[in-house]
Amino acid sequence: MPEPSRPELPRHIGIIMDGNGRWARSRHLPRAAGHRAGVATIRPVMEACNEAGVHILTLYAFSTENWSRPRHEVAALMQLFGETIDSEVDEMHAEGIQIRAIGDRSKLSDRLQRKVRAAEDLTSGNTRAILNVAINYGGRSEIVAAVRDLAARGCDLAALDNDTLAGALYTAGLPDPDLIVRTAGEMRISNFMLWQAAYAEIYITETLWPDFDAHAIEGALAAYARRDRRFGAVRVEAALPAPASL
Ligand code: FPP
């Protein structure tokens, strides 16, 4: 996978695509119309990321908590996931994008699981970019599932370390997201990539997801480039000499 072309770019961006419902309500449309408009935002944003040199994107499409939405909205979202795979996968494949689904797919219909698997299989050899789609995803469940999986494989949990746990997550082998973008203004992480986001920069915009576009992601990248990332340390120029007794 190509590295970002400039060090001030994130290697991996996670996006919490929020605000579809508000977008629809402001137009007196059903919520499903907002989700449909939200799908149309994905391609230009992904292309802008690629053009900028960011090649790994994770989109939060459906959380483990989203099942509690009205039944017709859940059904509309599931329908949309299937339709979007049908309409987009060939073109993404031609563009060299590898598609992966992260989350507990066992709760999806057999039909949708088959579509997801087929999209993953078709694109598995692509190396230009990776698109992770989080469906029935929850950060807590992911960690619990990883630990259970390690236990089932006979791992000595008393000796568990960060790398071993990270290697059992859905995102095994990928760099952690450097940047998490959330649209529609809420200031929370909502169970998204809890482990992986440990040192991510958070960028929140009031823009609703269907209104988000290439220009908006460029704004997020520009904000990221201005951040001072310390990973828990102090800035080198601000560090005082250690006391002689330490
Ligand atoms: C949050 O907006 C959005 C979602 C729960 C669904 C996001 C899904 C998509 C954009 C479709 C993605 C499709 C694929 C194939 C990746 P909300 O409904 O909570 O908005 P609100 O807070 O304004 O009500």
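If you're wondering where the values come from, they're calculated on a predicted model, not measured in any experiment. One-based numbering, in listed order, for ligands and for the atoms of each.
The protein heavy atom nearest to atom 14 (C) of ligand 1 is Phe81 CD2, 3.8 Å. Nearest non-hydrogen protein atom to atom 10 (C) of ligand 1 is Asn20 ND2, 3.3 Å. In terms of protein heavy-atom proximity, atom 20 (O) of ligand 1 is nearest to Gly21 N, 3.0 Å. Regarding atom 3 (C) of ligand 1, its nearest protein heavy-atom neighbour is Met17 O, 3.1 Å. The protein heavy atom nearest to atom 6 (C) of ligand 1 is Ala61 O, 3.3 Å. At the shortest separation from atom 4 (C) of ligand 1 among protein heavy atoms lies His35 CE1, 3.9 Å.
Put simply, the side chain of Thr183 gets close to the backbone of Asp18: a donor and an acceptor are under 3.5 Å apart. Remark: the backbone N or O of Arg229 is not paired with any side-chain donor or acceptor of Glu201 at under 3.5 angstrom.
Side-chain contact, Thr164 with Asp161: a donor N or O sits under 3.5 Å from an acceptor N or O. In summary, the side chains of His55 and Asn50 do present a donor paired with an acceptor at a separation below 3.5 Å, with no hydrogens or angles considered. Using modelled atom types and a 3.5 Å distance limit, the side chains of Trp195 and Asn162 yield no donor-acceptor pair.
At under 3.5 Å, not a single nitrogen or oxygen of Tyr60, backbone or side chain, sits near a nitrogen or oxygen of ligand 1. For Trp23, no nitrogen or oxygen atom sits less than 3.5 Å from a nitrogen or oxygen atom of ligand 1, counting backbone and side chain alike. The shortest N or O to N or O distance between Asn66 and ligand 1 is not under 3.5 Å. Residue contacts with ligand 1: Trp209 is placed with no nitrogen or oxygen under 3.5 Å of a nitrogen or oxygen of the ligand (distance criterion only).
Residues Tyr203 and Met17 are members of one and the same hydrophobic cluster, defined by side-chain heavy-atom contacts under 4.5 angstrom among Ile, Leu, Val, Met, Phe, Trp and Tyr. No continuous path of ILVMFWY side-chain contacts below 4.5 Å connects Ile56 to Tyr170, so the two sit in separate hydrophobic clusters. Placement of Ile102 and Leu77 in two distinct hydrophobic clusters is found when ILVMFWY residues are connected by side-chain heavy-atom separations under 4.5 Å, directly or transitively.
Set against the non-hydrogen atoms of Asp18, the atoms of ligand 1 under 4.0 Å away are 1 (C), 2 (O), 17 (P), 19 (O), 20 (O), 21 (P), 22 (O). Listed by number with element, the atoms of ligand 1 under 4.0 Å from a non-hydrogen atom of Thr84 are 15 (C).
At a heavy-atom distance under 4.0 Å, no atom of Thr41 approaches ligand 1. With a heavy-atom cut-off of 4.0 Å, Val133 touches ligand 1 through its side chain alone. Under 4.0 angstrom from ligand 1, the non-hydrogen atoms of Arg69 all belong to its side chain. Heavy atoms of Glu186 found under 4.0 angstrom from ligand 1: none, in either backbone or side chain.
Residue Gly19 places a heavy atom less than 4.0 Å from ligand 1. Ligand 1 has no atom lying under 4.0 Å from any heavy atom of Leu208. Look at Val39 and you'll find a heavy atom under 4.0 Å from some atom of ligand 1.
Under the side chain to side chain contact (heavy atoms under 4.5 Å, CB included) criterion, Ser63 pairs with Tyr60, Glu65, Asn66, not counting sequence neighbours.
Between Asp149 and Arg153 a salt bridge is recorded (basic side-chain N to carboxylate O distance below 4.0 Å). Ion pairing between a basic and an acidic side chain is recognised when a charged N comes within 4.0 Å of a carboxylate O; Arg36 and Glu83 show such pairing.
In this structure, the separation between CD on Glu8 and CZ on Arg226 is 12.0 Å, given to the nearest 0.5 Å.
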